There are 2 protein chains.
Amino acid sequence: MINLSYAHYKIEEAIEKKECIIIACKCEVWYSGRAESFTPEGDRILIIKPDGTFLIHQPKGNAPVNYMKEGAIHSVSKHENCLFINSSDVYKKEYIDIKATQVYFFQSHLLEDNQKIQLSGSEKDMSDMIYNKPELIEKGFKPLSREEHTKYGFIDVFGYDKDNILVVVECKRYNADLGAVTQLRRYVEKIKEAKGIHRVRGIIASPKISPNSLKMLTDWGFEYRAINPPKYLERYNNDQKSIFDF
Amino acid sequence: MINLSYAHYKIEEAIEKKECIIIACKCEVWYSGRAESFTPEGDRILIIKPDGTFLIHQPKGNAPVNYMKEGAIHSVSKHENCLFINSSDVYKKEYIDIKATQVYFFQSHLLEDNQKIQLSGSEKDMSDMIYNKPELIEKGFKPLSREEHTKYGFIDVFGYDKDNILVVVECKRYNADLGAVTQLRRYVEKIKEAKGIHRVRGIIASPKISPNSLKMLTDWGFEYRAINPPKYLERYNNDQKSIFDF
DNA sequence: GGGGAGAGATGCCGC
DNA sequence: GCGGCATTTCTCCCC
């Protein structure tokens, strides 16, 4: 257990030094901003980052129970055997107030990290793949553009089929849902209206589609292609795994 | 700086004891699962929770750079002055591999927290409010149900107007977008089709709506009501704030 | 800064 | 488990 006055001093010092701060404590949490919340007293982990990010984690679950995004200002005070931590963003009108009655541990450290995550298997990777291998859609498909902000909307792949009929392809990296179908319908309707043509084909390309969505898709005369997103790193990753498997 | 062999031992011990674990270290991260990723070496904070949740945070930003959800299994090993931390969920086929070259600090503690966040200002609060105060939509509106999973879809508020015309209300707690409009359209079309009636009114209730969405809404003959979500805790929260402002 | 859409979305509830 | 949908969604890109 950490003495509250000591914690008070250390937290203020670490904020001043722009360190990453970790606190484990028993606390209550109030939040007011886009919504309102109160979380009754329990053991939690608090993370304060030098960019102003504030995360409050319960001992279970993936998502923080409360949080403030980058840009928040933090202050600490002690009053009648309780430590008060306040996080506020006056511009966004977001506020968090914490009342801690016990501090289990405190740590802080100056951390440096300018690296960015390299991700593959996204929807953009999928539309790139289709653009470069149009026969994945069908023989004779001629893509014109990909990932383009047209006046009809943001269309993943756009082209002509072998009979020179316009084709709109909407990619989904995982499961295509009802929203994907209405999205495709919106694009097709807009293009028909803008170009004054009555025949535009719509295709959804994804590894999976829900039964309801497939029914709605085919009811409206659209088509489905089962296509998996590419995973460029897969082999590299497998090579790496062999290093770890000793 | 923490000795790697000591960290290795302490992490394994803390996992065994089902404690919450926090590690600050310099590391590389590989991920393979629904997608693939690699994050080059940098200073990060690792959080391992007793439920198997694993979070990797960079010193900036709200979201973890990599993560594993509840149910992952963790193992640690040391090899040639590097600490390897492995997180895997064989059922979901998700894997994270970490290679740490330096450990800045390590902490762990048994944390207990059975409390749940009490939130207000959500979409459900909004539909409850409209159900209880139907005049927010218009005079003579008679709600029949709220938040109901009908065979037509998940409808927020459903009722009759003063002329006994069916009304579907779609609530959005913040900004209503194009998806909200197509969602409403889907419900109205399905109900018309299922009940064989040609007149069903559709209304979007939200504090804001984008200009494009409003145009699409009115083009299709639907209506808009500017309504704010309720914030029950606001006063309570304001009372609390006065406690902190000393 | 707002609008539109993706995300390894996450989380909740219902079937 | 999947399906449908909200989220203090978050994040990115473009206007």
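Letters A, B, ... mirror the listed sequences (proteins, then strands); counts begin at 1. All figures in this text were calculated on a predicted structure; none of them were measured in a lab.
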Assign each of A:Y174 and B:P211 to its nearest nucleotide of DNA chain C by heavy atoms, then name whichever residue's nucleotide is nearer the 5' end.
B:P211
Assess whether a salt bridge exists between A:R201 and A:E223, defined as any Lys/Arg side-chain N lying under 4.0 Å from an Asp/Glu carboxylate O.
yes
Just wondering, more than 12 heavy atoms not from A:I73 lying within 6.0 Å of its CD1?
no
As a test of reading the structure: which of C:dA9, D:dA6, D:dT8 is closest to the side chain of B:E170, going by heavy atoms?
D:dA6
Among the nucleotides C:dG6, D:dT8, C:dG8, which one has an atom lying closest to any side-chain atom of B:M68?
C:dG8
Of the nucleotides C:dA7, D:dT8, C:dG3, which has the atom closest to the A:R34 side chain?
D:dT8
Specify whether B:W30 and B:F38 have parallel, tilted or perpendicular ring planes, treating 30° as the upper limit for parallel and 60° as the lower limit for perpendicular.
tilted
Electrostatic pair A:K60-B:E70, nearest N-O below 4.0 angstrom:
no
Any side-chain to backbone donor/acceptor pair from A:K26 onto A:E41? Under 3.5 Å, distance only.
no
Assign B:N62 to base, sugar-phosphate, or nothing according to its heavy-atom contacts below 4.0 angstrom with the strands shown.
sugar-phosphate
Tell me whether the side-chain N/O atoms of B:K172 come closer than 4.0 Å to OP1 or OP2 in D:dA6.
yes
5' precedence on DNA chain D between B:C171 and A:I209 (nearest-nucleotide basis):
A:I209
Between B:N66 and C:dG8, does any side-chain N or O lie under 4.0 Å from OP1 or OP2?
no
Please measure how far the C1' atom in C:dG14 lies from the corresponding atom in D:dT8, and state the result in whole Å.
25 Å
Per atom distances to the A:S37 side chain, the nearest of D:dT8, D:dC5, D:dG4 is D:dT8
Side chain proximity check, A:Q58 to B:K116, heavy atoms < 4.5 angstrom
no
Respond yes when some side-chain nitrogen or oxygen of B:Y67 is under 4.0 Å from OP1 or OP2 of C:dT10, and no when none is.
yes
B:F154 on top of D:dG4's base, within under 5.5 Å and under 30°?
no
Toward the 5' end of DNA chain D, by each residue's nearest nucleotide, B:I117 or A:H149
B:I117
May I ask you to verify if any side-chain N or O of A:S210 is less than 4.0 angstrom from the OP1 or OP2 atom of D:dG4?
yes
Please give, in whole Å, the distance from D:dC5 C1' to A:N212 CG?
13 Å
Can you tell me the base-pairing partner of C:dG8? Count Watson-Crick or G-U wobble geometry only, both distances below 3.5 Å, and say none if there is no partner.
none
Output yes when at least one side-chain N/O atom of A:N175 is less than 4.0 Å from OP1 or OP2 of D:dG3, else no.
yes
For atom P, what is the distance between C:dG8 and D:dC5, given to the nearest Å?
23 Å
Please state the C1' separation for the pair C:dA7 and D:dA6 - nearest whole angstrom.
15 Å
Find the distance A:E123:CD to D:dC13:C1' and express it as a whole number of Å.
14 Å
Counting any heavy atom closer than 4.0 Å, what does A:Y91 reach on the DNA or RNA strands: base, sugar-phosphate only, or nothing?
nothing
Starting at the 5' end of DNA chain C and moving along, which residue's nearest nucleotide shows up first, A:Q183 or B:K69?
A:Q183
Is any side-chain nitrogen or oxygen of B:R186 closer than 4.0 Å to OP1 or OP2 of D:dC5?
yes
Starting at atom CD of B:E147, determine the distance to atom C1' of D:dT7, rounded to an integer number of angstrom.
13 Å
Return no unless some side-chain N or O of B:R173 is found under 4.0 Å from OP1 or OP2 of D:dC5.
no
